[in-house]
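Numbers restart at 1 for each chain; the letters A, B, ... are given by sequence-line order, proteins then strands.
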There are 2 protein chains.
Amino acid sequence: MVESNRSLTQTIVQDLGLAIVCGTYSAGNPFPIEAELCKHYQVSRSILREAVKMLTSKGLLNARPRQGTWVEPEQSWNLLDPDVLRWLLERKFSLNLLAEFTEVRLAIEPQAAALAAERGSEAQVAQIQRAIERMEAAEVGDDDPLLADIAFHVAVLEASGNRFYARLQDLIDTALRISIRLTNQFKGVAVASVADHRKVLDGILARDPERARAASCALISEAMELIQKVQSESGKTGKGESEKTGP
Amino acid sequence: MVESNRSLTQTIVQDLGLAIVCGTYSAGNPFPIEAELCKHYQVSRSILREAVKMLTSKGLLNARPRQGTWVEPEQSWNLLDPDVLRWLLERKFSLNLLAEFTEVRLAIEPQAAALAAERGSEAQVAQIQRAIERMEAAEVGDDDPLLADIAFHVAVLEASGNRFYARLQDLIDTALRISIRLTNQFKGVAVASVADHRKVLDGILARDPERARAASCALISEAMELIQKVQSESGKTGKGESEKTGP
DNA sequence: TAATATGATAAATCAGACATAATAACTGCT
DNA sequence: AGCAGTTATTATGTCTGATTTATCATATTA
């Protein structure tokens, strides 16, 4: 197990969470009982139970006396929990899921851009502008392109003034990191263009919701097409995807 | 405290979770230390710690030795966790938040309807049809209108084939229940019309994504307008909303 | 004054026990 | 043999008390 400065409980949550979404436990290999897991992780029951409870509250596990602890069906998992999404996307590059998450972004981000144009505060809009400047700096090596990209999308979500939209930032952070890691494997993939991002900012600065929406929509659509392209590529080579779609 | 058949831990999670989102604990009234909460709930430390861990995994709490346990800022809460959303919406009818959540629905559900028209399976579409039939039955008192309404929206989300969309069903279930409870207080509020819902189904049956999208958009927009109407009503009477918008 | 030692506090972790729920095994009867 | 009712087993649920560790406030010392 990986050593870390986190607490024992947190370490076990991460380890077990990843193992669960990777399908380590199934009919043939049922989830172990507390005693076994205690022995495996060399921790007390208290610690292990706390970890299991945390995973239970994310919809991954459930338990009953005498029946033991079991992994809940995938439909019960809180996909929108940052931890859960990260574990899911980290498992051997789950392209299908990344595509589905991008569909969420495609629904939300253009709307967020429109709302930002409509009612974003000066400070919030300035934050978007700053992100664009970081992206420009990144083009000449003065900043990290990935972090600048993330900062842009997060700033737009924040400027929407909708608390649910803003809460997607952890998720988008994760998705973008995975997305980059994924698409970088394939050649011919251009880095997200600053020009296209700037169009969103322009729409917001002009306080033109529809222009902002359209620009954002184009932006995410481009990302979506990229993923689909990778999907067909990996389909041909047979590498990458190995998700089961149900019994 | 309310007696129940749930476990002690679950009972405390619900009680503490609701108290936290209601703002019971703040600067003047800091979150109690473990020992005090144990005394208050009359439970052992194990139970209390498990409950605190569950709330920690939902982003509501955090703890450190010597510093104690504290409530995280609202920006850290997992709004998209079904429990958290329910607690939030249940706290004295949080109209602003309900409006924001409806903005999420406005972004997602039309897209889901379009996807359902595009790639929903026969069985999934049949499920939507069945929900419409339930709504019709409810009109003459042969079914529960709220449950039928929920079944419709859930069926559309399921038919979208996007796992993230499908995961919104718990949240929409909660939101619709609160929404009904809320709007019923005000007269002149017509129950969701079956005709408008059927238009979504028609678009999906015709495999016409844009028609389905437009119909769904109209449906949610109507709900949104209703909420805004109630917002202005309660603004006049001063009742209902009492959310703080920041320090 | 600033770096260092000390002490107090609250969570983190451990160990062992008993209670409870759900199932499996068993008994005794017809 | 076949069923009803009892008992035993098993894994989680809950409790208790103790020890360790991280952090902050204070006091001490150079």
Do A:E72 and A:W70 pair up side chain to side chain, a donor and an acceptor below 3.5 Å, judged on atom types alone? yes
Tell me, yes or no, whether the heavy-atom count around A:R119 atom CZ, taken from other residues, nucleotides or ligands under 6.0 Å, exceeds 12. yes
Examine the base of D:dT9 for any acceptor or donor lying under 3.5 Å from a partner atom in the side chain of A:R66, and report the outcome as yes or no. yes
So does B:R64 reach the base of C:dA12 with its side chain, donor to acceptor, closer than 3.5 Å? no
When rounded to whole Å, the CG to C1' distance for the pair A:N62 and D:dA11 reads 14 Å
In whole angstroms, how far is the P atom of D:dT21 from the CG atom of A:L8? 11 Å
Give a yes/no on whether any side-chain N or O of B:S46 is located under 4.0 angstrom from OP1 or OP2 of D:dT16. no
Which nucleotide sits closest to the side chain of A:A63: C:dA11, C:dC14, D:dG13? D:dG13
Taken to the nearest 0.5 Å, the spacing of B:L98 CG from B:R105 CZ works out to 9.0 Å
Euclidean distance, atom CD1 of residue B:I47 to atom P of D:dT16 [Å, nearest integer]: 11 Å
Expressed as a whole number of angstroms, how long is the span from A:Q67:CD to D:dG13:P? 11 Å
Whole angstroms only, please: what is the CG-P distance between A:L61 and D:dT12? 11 Å
Separation of atom CH2 in B:W70 from atom C1' in C:dA11, rounded to whole Å: 10 Å
Nearest to the A:T9 side chain among C:dC14, D:dA11, C:dT13, which nucleotide is it? C:dT13
Just verifying a value: how many Å separate A:R167 CZ and A:I172 CD1, rounded to the nearest 0.5 Å? 11.0 Å
Round to a whole Å and report the spacing from CZ of A:R45 to P of C:dT13. 17 Å
Can you measure B:E50 atom CD to C:dT13 atom P for me and round it to whole angstrom units? 14 Å
Comparing A:P65 with B:I33, nearest DNA chain C nucleotide closer to 5' gives the residue B:I33
Here the pair of heavy atoms bringing B:A155 nearest to B:I128 is CB-CG1, 3.7 Å
